[in-house]
**Student:** 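First the structure, then my questions, so here it is.
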Amino acid sequence: MVKRKASQLDTASDTTGLRRSTRRKPAAPDQTTEASKDELTEKGATQPPQPEKTSKKLPHSKAFQDSKKSMKAESAAQPSTASKSETNETTSSSGRSYWLLKAEPESRFENGVDVKFSIDDLASRTEPEPWDGIRNYVARNNLRAMKKGDIAFFYHSNCKEPGIVGTMEIVQEHSPDCKCAPSLLHEFAPYHMPVSAHDPKAPYYDASSKPDNPKWSVVHVKFRSKFSKQIGLKELREMGQPGQPLENMQMLKQSRLSVSRVSASEFEYLMDVVKQRGGET
DNA sequence: GCCAACGTTGGC
DNA sequence: GCCAACGTTGGC
């Protein structure tokens with residue numbers, strides 16, 4: 001599978017009453033407050049050029065203690081965000097970066113919930129969709145590096161015909177994948193839908209992510225286009241042969257990564273291919 | 001910090 | 001369903 005979206009439950013906010021309904025733990029507002037502050041400071045620490053633990057977590061805080069392990073994992077994961085950009089330029093001259101996000105268009109049940117989420121599902125949304133359920137540090141760090149206005153490919157994975165099927169836009173930068181106190185909602189305005197990590201009934205519930213120190217993040221995305229003809233995995237691999245335009249593409253090198261970087265030249269190349277095949281809608 | 005055991009991803 | 005290629009965990 002893919003670290004995919006936890007899908008419909010969030011924006012649909014309703015239909016799925018069953019899933020959604022899950023009573024949120026009343027999560028002590030105060031704790032949540034501190035937690036999210038932590039989260040906010042962490043933002044600074046996880047920006048690209050600093051592989052280091054400029055970590056703002058107070059060494060004595062409980063959060064710090066609890067998260068030593070994950071910090072290890074985080075910093076281990078860091079370099080991949082920063083270092084490769086020489087060979088594999090992510091950002092275009094416009095300052096916009098490009099990404100690839102995977103989701104599963106076919107039904108599959110995770111913790112009793114169908115996680116199916118396709119480009120058509122995204123296209124039908126009327127509100128920005130929180131991209132949740134990411135439970136891998138490299139992928140998460142990529143999420144956290146996304147800027148408003150960045151463009152991402154939508155990739156269908158774990159399905160009959162895997163491939164890139166369209167594009168979306170990042171409309172809000174990362175916020176915690178957790179329930180946060182109403183008093184904090186403004187920090188993540190205008191969109192923050194309390195999602196999965198701390199909800200035992202959610203598809204990607206993570207008992208190790210404590211509400212007072214959320215491990216995981218989401219970004220909010222908006223549908224941008226669907227390709228007339230998708231670019232299949234097989235073709236991507238051909239374009240990724242040595243000497244070919246996609247030879248350094250992260251998703252081909254780390255095939256299990258559900259959130260990966262796409263360089264400006266890779267993006268442009270792929271969009272040319274799309275054009276030649278009937279464009280996008 | 002090493003590494004074996006185990007878990008996950010995702011194409012086929 | 002299989003299984004390769006990872007990632008995570010925990011004992012030492």
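Naming: A, B, ... by sequence-line order, numbering from 1 per chain.
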**Student:** Taking only the side-chain nitrogens and oxygens of Arg237(A), find out if one of them lies under 4.0 Å from OP1 or OP2 of dC12(B).
**Tutor:**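 Checking dC12(B) against Arg237(A), a side-chain N or O does come within under 4.0 Å of OP1 or OP2.
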**Student:** Give the rounded distance in Å between these two atoms: CE of Met251(A) and C1' of dC6(C).
**Tutor:**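 Atom-to-atom, Met251(A) to dC6(C), this comes out as 15 Å.
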**Student:** Near Glu235(A) CD, under 6.0 Å, is it more than 12 heavy atoms from other residues, nucleotides or ligands?
**Tutor:**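 Atom CD in Glu235(A) is crowded, with more than 12 foreign heavy atoms closer than 6.0 Å.
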**Student:** Hey, does the side chain of Tyr155(A) come within less than 4.0 Å of dG11(B)'s phosphate (OP1/OP2), counting only N and O?
**Tutor:**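 So the side chain of Tyr155(A) is within the cut-off, an N or O lying under 4.0 Å from OP1 or OP2 of dG11(B).
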**Student:** Which of parallel (below 30°), tilted (30 to 60°) and perpendicular (above 60°) describes Phe154(A) and His156(A)?
**Tutor:**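 If you compare the ring of Phe154(A) with that of His156(A), the planes turn out perpendicular.
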**Student:** Quickly work out the Ile134(A) CD1 to dG7(C) P distance and round it to whole Å.
**Tutor:**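 Interatomic distance, CD1 of Ile134(A) to P of dG7(C): 15 Å.
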**Student:** Which of the following nucleotides, dG7(C), dC6(C), dG11(B), is nearest to the side chain of Asn136(A)?
**Tutor:**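 Shortest atom-to-atom distance from the side chain points to dG7(C).
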**Student:** Is Glu110(A) salt-bridged to Arg108(A), going by a charged N under 4.0 Å from an acidic O?
**Tutor:**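 The answer is yes: the pair qualifies as a salt bridge.
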**Student:** Atom CZ of Arg135(A) and atom C1' of dG7(C): how far apart are they, to the nearest Å?
**Tutor:**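 The distance from CZ of Arg135(A) to C1' of dG7(C) comes to 15 Å, rounded to the nearest Å.
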**Student:** Could you tell me how far apart Lys253(A) (NZ) and dA4(C) (P) are, to the nearest whole angstrom?
**Tutor:**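 Atom NZ in Lys253(A) sits about 23 Å away from atom P in dA4(C).
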**Student:** Taking CD from Gln254(A) and C1' from dA4(C), how many angstroms apart are they, rounded to a whole number?
**Tutor:**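 Nearest whole value for this atom pair: 16 Å.
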**Student:** Hey, would you say the Phe267(A) and Phe153(A) ring centroids sit under 6.0 Å apart?
**Tutor:**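 Between Phe153(A) and Phe267(A), which both carry aromatic rings, the centre distance is below 6.0 Å.
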**Student:** What is the separation between atom CZ on Arg140(A) and atom C1' on dT8(C), rounded to the nearest whole Å?
**Tutor:**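 That distance rounds to 15 Å.
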**Student:** Arg256(A) side chain: which of dT8(B), dC12(B), dT8(C) is closest?
**Tutor:**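 Out of dT8(B), dC12(B), dT8(C), the nucleotide with an atom closest to Arg256(A)'s side chain is dT8(B).
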**Student:** Separation of Glu106(A) atom CD from dG11(B) atom P, in whole Å?
**Tutor:**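 Answer to the nearest Å: 10 Å.
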**Student:** Can you check the Leu257(A) CG to dG7(C) P distance for me, whole Å?
**Tutor:**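 From Leu257(A) CG to dG7(C) P: 8 Å.
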